Amino acid sequence: MVSMETLTIKTENKFRSLVTRQAYTKGQIICEIPTEKLSSKPNRYTVQIDQDKHTEVGKLSALNHSCDPNVILDTEHLQMVARRDIEKGEELSFFYPATEWEMDAPFICLCGASNCIHVVAGARFLPLSTLENHYLNKHIREMMIDLLNKTELHLTRLLEQAEK
Ligand SMILES: [Zn+2]
């Protein structure tokens, strides 16, 4: 069931994409996410799987970003899951900020979706009103909470200074 044999990397003008030779139904597990080489820093080929863990993901590094993606990378269970029904021959894509907090190589998205975020740089640069419409991995939710907790810390410091 969970193998990457049905996935092919397509290269056109040096632009890579990942295409499926098999159809999937919504919710179906497509493959496991390989954790080939772990690193504490992101690069173009890594996927963030925890707060300070990035991994090279083999073939899945050819997955492009979309603001209306057809797959989800569940980094907690290390599975790629169909977000909707997917046809044979379709390109697979996921929402990069669902795994990436702060990307090494931000870019402008031209996906054309009505909900396009335009600047893809990681979850920390997106408003909550955008993020709430997407599946976000546990480490991204945790980092968002950490960030919000720091705003409370700012207030505490301000109040402490005022008391002095
Ligand atoms: Zn977009």
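From a predicted model like this one, the values you see are computed outputs, not experimental measurements. Numbering starts at 1 and runs along the sequence shown. The figures here come from the full heavy-atom set of this structure, side chains too, leaving out hydrogens, waters and symmetry mates.
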*4.5 Å side-chain heavy-atom contact, E100 and V47*: yes

*Quick one: do I145 and L136 end up in the same hydrophobic cluster if we chain Ile, Leu, Val, Met, Phe, Trp and Tyr together by side-chain heavy atoms under 4.5 Å apart?*
no

*Answer with yes or no whether the side chains of S93 and N64 bring together a donor and an acceptor at under 3.5 Å.*
no

*Can you measure from NZ (K59) to CG (L92) and round to the nearest 0.5 angstrom?*
11.0 Å

*asked:* The criterion is side chain to side chain contact (heavy atoms under 4.5 Å, CB included); which residues satisfy it with S39, sequence neighbours excluded?
replied: K41

*For N43 and E56, work out which heavy atoms get closest and say how close.*
ND2-OE2, 4.5 Å

_R16: partners by salt bridge (charged side-chain N to carboxylate O under 4.0 Å, His left out), with sequence neighbours left out_ = none

*Please report the shortest heavy-atom distance between L7 and R21, naming the atom on each side.*
O-NH2, 4.1 Å

_Is any side-chain heavy atom of V57 closer than 4.5 Å to one of E36?_
no

*Would you call L60 and P34 a side-chain contact if the rule is heavy atoms closer than 4.5 Å?*
yes

*Assert yes or no for the condition that the ring centre distance of F94 to H65 is strictly below 6.0 Å.*
no

*Give, for atom CD1 of I33 and atom CE of M4, the distance between the pair rounded to the nearest 0.5 Å.*
10.0 Å

*Could you note down all residue pairs passing ring-ring contact (aromatic ring centres under 6.0 Å, His included) where residues 135-155 supplies at least one of them, sequence neighbours left out?*
none

*May I ask whether Y96 and L128 are part of the same hydrophobic cluster, defined by side-chain heavy atoms of I, L, V, M, F, W, Y residues being less than 4.5 angstrom apart, directly or through others?*
yes

*Which residues satisfy the side-chain hydrogen bond (donor to acceptor under 3.5 Å, both in side chains) test with T151, sequence neighbours excluded?*
none

*Specify the closest pair of heavy atoms between T20 and Q22, including all atoms of both residues, with the distance to one decimal.*
OG1-O, 2.6 Å

Taking distance alone, no hydrogens or angles, what donor-acceptor pairs closer than 3.5 Å link side-chain atoms of residues 81-89 to residues at least two apart or in another chain?
from : atom 1 : to  : atom 2 : distance (Å)
R83  : NH1    : D68 : OD1    : 3.4
R83  : NH1    : P69 : O      : 2.8
R84  : NH1    : E90 : OE1    : 3.3
D85  : OD1    : K26 : N      : 2.7

_With E76 via salt bridge (charged side-chain N to carboxylate O under 4.0 Å, His left out) - residues at least two apart_ = none

*Side chain proximity check, I49 to T99, heavy atoms < 4.5 angstrom*: no

*Who are the ring-ring contact (aromatic ring centres under 6.0 Å, His included) partners of Y24, not counting sequence neighbours?*
none

*Audit row: L147, W101, side-chain contact (heavy atoms from CB on, under 4.5 Å) steps and yes/no*: CA-CA 11 Å; L147 189 72; W101 178 246; 4.1 Å; yes

*Drop me the distance from Q48's CD to T55's OG1, to the nearest 0.5 angstrom.*
11.5 Å

*Going through the checks in order, is the side chain to side chain donor-acceptor pair (under 3.5 Å) test met by D52 and S40?*
CA-CA 5 Å; D52 45 25; S40 59; over 6 Å; no

_Ignoring hydrogens, what is the shortest heavy-atom contact between A123 and L131? Give both atom names and the distance._
O-CD1, 3.8 Å

*asked:* Could you check whether atom OH of Y45 has more than 12 heavy atoms from other residues, nucleotides or ligands sitting under 6.0 Å from it?
replied: no

*Looking at C67 and N115, what are the two nearest heavy atoms and their distance?*
O-ND2, 3.3 Å

*Kindly compute the distance separating CG (N133) from CG (L126), expressed to the nearest 0.5 Å.*
11.0 Å

*Gap between atom CG of L73 and atom CG of L63 - 0.5 Å precision*: 6.0 Å

*Would you say the side chain of L148 lies within less than 4.5 Å of the side chain of E152, judging by non-hydrogen atoms?*
no

*Please list, chain by chain and in numerical order, all residues satisfying side-chain hydrogen bond (donor to acceptor under 3.5 Å, both in side chains) with S17, sequence neighbours excluded.*
none

*Do L78 and I30 share a hydrophobic cluster, counting only Ile, Leu, Val, Met, Phe, Trp and Tyr and linking them when any side-chain heavy atoms are less than 4.5 Å apart?*
yes

*For H54, what residues pass the ring-ring contact (aromatic ring centres under 6.0 Å, His included) criterion, not counting sequence neighbours?*
none

*Could you tell me which residues satisfy side chain to side chain contact (heavy atoms under 4.5 Å, CB included) with H77, sequence neighbours excluded, listed by chain and number?*
D74, Q79

*Assess whether side-chain contact (heavy atoms from CB on, under 4.5 Å) is satisfied between M103 and V120, documenting all intermediate values.*
CA-CA 8 Å; M103 284 165 51; V120 184; 3.9 Å; yes

*asked:* Counting C-beta onward and ignoring hydrogens, is there a side-chain heavy-atom pair between F107 and V119 closer than 4.5 Å?
replied: no

*Are side-chain heavy atoms of P97 and I117 found at a separation under 4.5 Å?*
yes

*Same cluster for I140 and F125 if Ile/Leu/Val/Met/Phe/Trp/Tyr side chains link at under 4.5 Å?*
no

_pair E102-M143: side-chain heavy atoms closer than 4.5 Å_ = no

*Under the salt bridge (charged side-chain N to carboxylate O under 4.0 Å, His left out) test, which residues partner E142, sequence neighbours left out?*
K138

*Distance from D50 atom CG to N137 atom CG, nearest 0.5 Å?*
10.0 Å

_Qualifying residues under side chain to side chain contact (heavy atoms under 4.5 Å, CB included), relative to L110, sequence neighbours excluded_ = I108

